[in-house]
Amino acid sequence: MQRYSGFGLLKHSLTHHENWQRVWRNPTPKKEYDVIIIGGGGHGLATAYYLAKEHGITNVAVIEKGYLGGGNTARNTTIVRSNYLWDESAHLYEHAMKLWEGLSQDLNYNVMFSQRGVLNLGHTLQDMRDIQRRVSANRLNGIDGEVLDPQQIKEIVPHMDCSDNTRYPIMGASWQPRGGVARHDAVAWGFARGADAYGVDMLQETEVVDLVIEDGAIVGVKTNKYGVIKAGRVGSVVAGNSGVIAKMAGFDLPIESHPLQAMVSEPIKPILDTVVMSNHVHGYVSQSDKGDLVIGAGIDGWNGYGQRGSFPTIEHTMQAIVELFPIFSRVRLNRQWGGIVDTCPDACPIISKTPVENLFFNCGWGTGGFKATPGSGHVFAASLATGEMHPMAKPFSMFRFHDGALIDEHGAAGVAH
Amino acid sequence: MSQKNRLGTGGRIDRTTPLKFQYNGKTYTGFQGDTLASAILANGIDVVGRSFKYSRPRGVVAAGAEEPNAVLQLGATEETQVPNVRATQQELFDGLTSQAVNGWPNVDNDMMSWVGKLGGKMMPPGFYYKTFMYPKSLWDTYESMIRKAAGLGRSPLENDPDTYDKVNQHCDVLVVGAGPAGLAAALTAARSGARVILADEQSEFGGSLLSSKELLDGKPATSWVKSAVDELAGCADVLLLPRATVNGYHDHNFLTIHERLTDHLADKAPVGMVRQRLHRVRAKWVVLATGAHERPLVFSNNDVPGCMIASAVSTYINRYGVVPGSELVLMTTNDYGYQAALDWHDAQRKVVAIVDTRQNPQGARVEQARKRGLNVITGSAVIEVQGSKRVSGVSVATIDAAGNKVTGAVNRLNADTVASSGGWSPVIHLSSHTGSRPVWDDKVVGFVPGPTVQKQLTAGGINGKYSINEALSEGVLAGLNALAKLDLPATEVVLPSAADMVEEASMTLFQIPHLLPTSKAPKQFVDYQTDVTAAGIEVACREGFESIEHVKRYTAMGFGTDQGKLGNINGMAVAAKALNKTIPETGTTIFRPNYTPVTFGAMVGRDCGELFDPKRYTAMHKWHVEHGAKFEDVGQWKRGWYYPKPGESMQECLDRECKATRDSVGILDASTLGKIDIQGADAREFLGRIYTNAWAKLAVGKCRYGLMCGEDGMVFDDGVTSCLGDNHFLMTTTTGGAPRVLEWLELWHQTEWPELDVYFNTVTDHWSTLTISGPNSRKLLSELTDFDLSNENFSFMDVHQCTVAGVPARVFRISFTGELSYEINVQANYGMHVWEKLFEHGKQFNLTPYGTETMHVLRAEKGFIIAGQDTDGSVHPHDLGMSWCVSDQKPFSYVGKRGMARQDCMRENRKQLVGLKTKEPKVVIPEGSQAVFDPNEPIPMTMVGHITSSYYSANLGHSIAMGVIKGGLSRMGETVYYPQADGRVIEAEICSLVFLDPKGERQNV
Amino acid sequence: MFYIYCPHCGEHREEEEFHAKGQAHIVRPIDPAACDDKAWGEYLFFRKNPRGLHHELWIHAAGCRKFFNMTRDTVTYEIKEIYKIGEQPSVVAGNKLAGNK
Amino acid sequence: MSDLESNVEVVAKAAVMNQLPADGSGVRAESPLFHAELEVLAKQGPQQGGVHLRENKLQGHLTLRCNQNNPDQLAAVETVLGLALPIQPLTAVVKGDISIRWMSPDEWLIVVPGEQTFDIESCFRDVMTGHYSLVNGSGGQTIIELWGPDVVSLLKKCTPIDFHPTQFPVGKVVSSIFAKSGAVISRTGEDRFELVIRRSFADYLWLWLQDASREYGLVIEV
């Protein structure tokens, strides 16, 4: 793998950048792999990377029906945080956070992970109880977190309306300084480049059209381009399309796919230096390194695979942003788009064995997928490598919806993020 | 300063109305009818911005929505600042104040340009992914440097003084674009009486006709425009919206139009006027007549000010009377491009050369040029531009027929303006908003709208039909099509016609070859605003970014505020060439709303400030305000939280309210509780199915508390329901849960048990609920009613009807405080009257108003739960120690019964709600605190529960708390620890939830 | 934003007046006690979530407050059919509908 | 049954109660818009404008739920009110000071003079048979009358309903969202509408209507 550095840039500038190597190959698939990962988004690519790096399993293919990182990885609002309420999710997201903190160096690819802090605002007494509860749990779990009062919030976000004159005055916030944002596309590309260097094959524009299941166990996948490709184990990491793969495997999931929308303003000079999220007024915003205000909306209530949501959802979000930041009223909205989020009833993911042997699912991340990317890949890789679920993944079994051992994170995920 | 580029005559400007405006601190003059861009060009201003990455000087390129460079900061005051206004779309008004958004110390001399020049070579696409990683500790420093360069304009720092609103529209046909095709379509539809909306982003209707010299039926095209607009304006069901951009095309033919009502008048909307309006349109049919954007050609240094697209040159000359330079070189791949040179020549400025990339063009316009004696150089191209802040000359060379390489010697020509035309790209943005993929049309050399499920028709330029005659007839056809689909009668529209002109085929060419390979040639810009070059796209492709989405994302192409209107097709062509594919094989990108940026304020409308969300008030709200209440937001309700006296702290106030209630009598406005009237012979059966406890035997005139669970067995609401008649019940719900509970009841009734005879109606707003509570509440009530309030006649959990303060009332003897308590319900129109009468008579009992906080303390003293505070969707009734409220004897398997019998719900050691008493009586455990059994365990600690409610109880003289603890009900007397952020560890003993009057005697007196 | 025909009001209204309530035709087991945890869990949580034709339950929340069913394409978002509670859809995908009621 | 005898007045199976104070009791009634002081504004505010507003307050609001396919019930309604129940969706009927608005296939809003509410309710209880419900909601809502040349323009800012005369003729009634609340909207004349709104939202809607009508001028009448 060609190593990246400032010096390398200088060197390549002398040859007019004509000698950069490909970041990943365009391979011809083998007939059989130890592991096939369906879905070349951030989670799938991270899984492949860690399979190779941590477990020495390099006979791996990632099959992606579009282009790498082209699903929700390319469509989210890039927020990273780990201040989840319940132990199970807190540990998982904190595991991801620790990986984030060294990811650029590990991948030799700058994913621009920017720990500019995440504020979750409270506007009601119950919001504040929930914030206290979550921060208390975070601290005892070793996750950074503080409860701030409006004065302290004002110091961090001087341009937000922290006064008493608003419809829902800000009463306080939780503050995770280690939280922040990352450059979403770079995460997929960095993992892909890293996996490729280990010999992982990434098959783009290749669609899995069926699964090959014999005696209750998966033995391969059928693709539109290359016919059947055999595999020892198969991991499905297809986010909003999980139901489609599950249908091929013959089971239902406790998942519904919904549109989730986001939007950006025109680029403006730096004015917001942290991530601001509000469940109650229902919106969240950060400012990218390019200057765009990156804004996330809530989920639409109906199922949809169209990567489009409802206009009123966007209107409500814009109202929330202007409620928090009245000065943004004259700023202009440049672009809006939608992704497909697969949501579980308890707002927690599924990282699980399935009724089909050797077929594993990693899905149901709802609005919380991006921030988990390295952690999700890491524990899923361990599970695929050993055939046994990683201890951190165990609570996220799809079978929890049978016995009732849910991990209800709605309080932490009331608004999309 | 004079307007050196202004022509003495011509154009649609009013030379008798001069307008002063400021640009970068200097005052200039333009005319009514100018855009800011035309006025800037008229005044000979070359540099209007600096590029994002390389800080290269940039000038005006285009004349409309596609302009990437002339993006300015507007606003005369702090509160009226608007970032990133496209000067080509901003009409000039007197006093307009504008500034370039980049450049230090100013846009003409930008120090950052040195960084761009020196470091530019080290900034290929995606360079930031490859560096700034080592040492890790310096990333924050690197990032703050990167961040400083962010952004174009700036946000205002003061609140917007203007108002915005939204209007919902319905129509038969929405016509987008009022050029020849749109006008023809609108006329056709309107004449049959269809409801038509015609919207156009420009200040005047007419589109390309406004800057055209062509004649229609021998008359100026604009005179036909005027007659068409006049006719439309006279139709009753036609809405004409100029200055209105259709920005988004959403599902089921829902479109949004951003109308700017005052931006052309002044900095701030004149008094009484709305600045901008968002029309939310539901159209039965849509006709997209959005036209096309001209493509510039990609050649070296094609971003030097003075480089423009050819049609923009014509527009400035013909519509604004401005010639944006002195000496023109035109490069074109097609006949249309010639018009710029013809217009330039007709404006009596020098056309240095027309450089046609085609070998032997002979079309009508070509011949016109030759006839005027213009220097037409064929089979050649401008391969490079000289100059930095303004074009000073060009290098022209012959190229091969395919346009792939330079074949001959290079000639230098002096010029200050280079117009280029690479053909036209249909404006297909709206058609792809709803997920329709555009399709490539080789004949058009561009993408045209693809198949769609929307009720959408297209006409004119969007279909690649660019001549006026074609546009007009396509417009009529679209109109007729729409009428046919709408079952409206067809109408006849007689069209004027323009003189036919022989058009020759265009050459399919995007990037002009240079002597050097792209990687070494001077920069050839594809996307000006994001500084994406042809070489950059090649690097991306070389590195394996082969999907066009990857190319886009890796290079940032199309991510500017112009969303790549000029550059996207050129970029795809460059990528296709690099990948050795065709453009359609490379794929297109999907356009998303907005077509052009929309003001946040317009998206928000009037749902901001005071109107952001409804404030719901009870009938006694005014009294609470007048008596100094602090309010708590509960859902949309404003509830009295506590009523501090002057100088009183919150705790002092609560102590007073709590004591007064237990010692004498307090009063609470409980009107916000949800109230649902239930009638029908099966009402009782229904209640039994929806609540966890039994309802079969509740007698008329009695009340009962009930818990409501989801099918998962988890508690989601609670309240008291009363039996008013054998078939008539009144259910109460939590304040926040009322709408959800009503929908829940309807869901079960309508979809699962329609055979049950029962009706539900909300009466939340109908009744005012005045709760008096405390040992003197009976005495107080007896002052206002003749009804026998004795315990024998009116016992606990009774409801009676009587007259209170002259008003018929339903009085419930139920208690959430554990005190003798009456909930007086009167029709809300009389709530205030009764409330005031209670105070008149309550003086002698020190009647004390209390709010939700005191209510919380008093109920916690009694261990009563608040659904939503002591529950969180993960606790069932047994977890709450409320098995007494669950009746598994009922014949019907009530909602939640099976759910709470699942394996995980039955396991040992679930978290259970208990009381908690601190070892230090005065210490109040913060709500939300997590509990541990072992305070010395290292982090991560094993958490065993948390505090749900916690207060200081003035009545008891110590703090009280409720919380869940693993296996808590069997751990009475044990100690748990609550480690705090400040290092304290609060010790507490697990105890019964009932802190006061465990036998419940006080409420039964 | 969808434009939805309310079968009770007899006209199209904006989506803002409605709430989507998930998959239609989920039948409550007649004897919940006879269900094992798996069966009950699937009744509670497991959904078809199809890519394509979907039968779903809606309520005209701001209008007549009546529930009704809708068959909608979850990719193109086209509404194929509206029918009342208790009725069966006439537009169905190739595969069979589980648990009609 | 002592409860029944001594207190809650039970007519058949449901409780009915005269909720109005006795005549001459001097009890002050405060309608939902009482605190907007419309009387003062009517005197002191603008006398000309594109929109006129009046609160038709303290009427009797009765919600009837019954089966439109039950001829006995339909007949009973006609007996009580002298008006046929409008079973055509989205229609309203008016006769004198009594009106009926269709709300849903089994729900109607009957508006009567406030002082007649109890008599009418009692009368219903006497003559109605079968499964039905009748609920007095008079305290929970009020009626706003809006008229004038700009009234449709104003309404289009508030609700997504189509008010074109072909789509919304006189006599039509709809329930819809109104700003961020809801309203029952009926057309009583070419430029004349009535809104039935909920009490707790009245102040919000009053602020909203003032704001949204500013560009037309708002005239308050009593």
Side-chain angles (χ1 to χ4, degrees), chain B residues 163 165-170 195 237 272-274 280 282 606-607 610-611 613-619 622 637 677 679-681 699-702 724-728 757 759 761 763-768 787-788 793 798-802 805-808 810 826-833, chain D residues 1 3-4 6-15 17-22 25-32 34-35 58 63 65 106 131-141 153 156-157 159-162 164 167 179-181 198-205 207-208 211-212 214-215:
Chain B
T163 55
D165 77 7
K166 297 188 195 173
V167 179
N168 296 292
Q169 306 281 10
H170 298 259
R195 297 169 64 190
D237 276 331
M273 288 182 78
V274 168
R280 307 162 90 241
R282 185 66 70 178
R606 52 189 79 250
D607 296 310
E610 191 69 13
L611 297 172
D613 206 35
K615 291 178 187 169
R616 295 181 70 182
Y617 296 145
T618 72
K622 191 151 183 254
W637 288 99
D677 181 282
Q679 296 182 29
V700 175
K702 296 299 282 186
L724 302 175
D726 203 30
N727 293 350
H728 190 183
D757 278 346
Y759 287 118
N761 285 287
V763 285
T764 302
D765 286 19
H766 174 70
W767 298 104
S768 281
F787 195 78
D788 176 3
N793 188 55
D798 273 4
V799 51
H800 287 277
Q801 183 185 316
C802 56
V807 180
R810 252 184 212 138
V826 293
Q827 198 183 101
N829 292 327
Y830 308 105
M832 184 71 110
H833 167 83
Chain D
M1 294 299 278
D3 294 318
L4 288 183
S6 68
N7 49 77
V8 179
E9 185 179 344
V10 177
V11 180
K13 302 280 189 179
M17 130 185 202
N18 186 354
Q19 298 172 9
L20 299 194
S25 64
V27 172
R28 182 183 71 246
E30 296 190 355
S31 75
F34 179 82
H35 298 286
L58 303 177
T63 293
R65 308 287 301 271
D106 61 5
H131 171 47
Y132 73 98
S133 90
L134 192 65
V135 179
N136 181 347
S138 313
Q141 44 200 38
S153 299
K156 283 165 74 174
K157 296 181 179 189
T159 166
I161 296 291
D162 187 355
H164 192 270
Q167 304 300 310
K180 284 192 180 178
S181 179
R198 286 181 72 172
R199 173 177 210 106
S200 56
F201 288 98
D203 190 79
Y204 161 77
L205 288 170
L207 289 177
W208 172 278
D211 198 50
R214 190 153 290 141
E215 62 180 306

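In what follows, chains are A, B, ... by sequence order, proteins preceding strands, each numbered from 1.
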Top of B:A619, B:G272, B:S768 for chain D proximity - count of heavy-atom pairs under 4.5 angstrom:
B:A619
Let me know if B:V167 has heavy atoms under 4.5 Å from chain D in its side chain, its backbone, both or neither.
both
Part of D:S138 within contact of chain B (heavy atom distance under 4.5 Å)
both
Ring pair (Phe, Tyr, Trp, His ring centres under 6.0 Å) with D:H131: which residues, sequence neighbours excluded?
B:Y759
Give a yes or no on whether a salt bridge exists between B:K615 and D:D203, defined as a side-chain N under 4.0 angstrom from a carboxylate O.
no
Chain D shares the most heavy-atom pairs under 4.5 Å, among B:R606, B:Q169, B:K166, with B:R606
Given a strict heavy-atom distance threshold of 4.5 Å, which part of D:T159 is in contact with chain B: side chain, backbone, both, or neither?
backbone
Chain D shares the most heavy-atom pairs under 4.5 Å, among B:H170, B:M273, B:M832, B:R280, with B:H170
Among B:V807, B:N761, B:D677, B:D788, the residue with the most heavy-atom pairs under 4.5 Å to chain D is B:N761
B:D165 portion near chain D, given a 4.5 angstrom heavy-atom threshold
side chain
Check whether the side chains of B:D798 and B:H800 place a donor and an acceptor atom closer than 3.5 Å, and report yes or no.
yes
Region of D:A212 that comes under 4.5 Å of a non-hydrogen atom in chain B:
both
Interface moiety of D:R214 toward chain B, non-hydrogen atoms closer than 4.5 Å
neither
Under 4.0 Å between a Lys/Arg side-chain N and an Asp/Glu carboxylate O for D:E30 and B:K622?
no
Parallel under 30°, tilted from 30 to 60°, perpendicular over 60°: which one fits the rings of D:Y204 and D:F201?
perpendicular
Decide, yes or no, whether a salt bridge links B:D765 with B:R616 under the criterion of side-chain N to carboxylate O below 4.0 Å.
yes
At a heavy-atom separation under 4.5 Å, does B:R195 approach chain D through its side chain, its backbone, both, or neither?
side chain
Quick check on D:Q167 against chain B: is it the side chain, the backbone, both or neither that has a heavy atom closer than 4.5 Å?
side chain
How would you list, by chain and number, every residue that makes a ring pair (Phe, Tyr, Trp, His ring centres under 6.0 Å) with B:Y830, sequence neighbours excluded?
none
Distance from D:I161 atom CD1 to D:K156 atom NZ, nearest 0.5 Å?
13.0 Å
Could you state the interatomic distance from NZ (D:K13) to OG (D:S133), rounded to the nearest 0.5 Å?
16.0 Å
Please classify the contact of D:A29 with chain B as side chain, backbone, both or neither, using a heavy-atom distance under 4.5 Å.
both
So which part of D:L205 gets closer than 4.5 Å to some heavy atom of chain B, the side chain, the backbone, both or neither?
neither
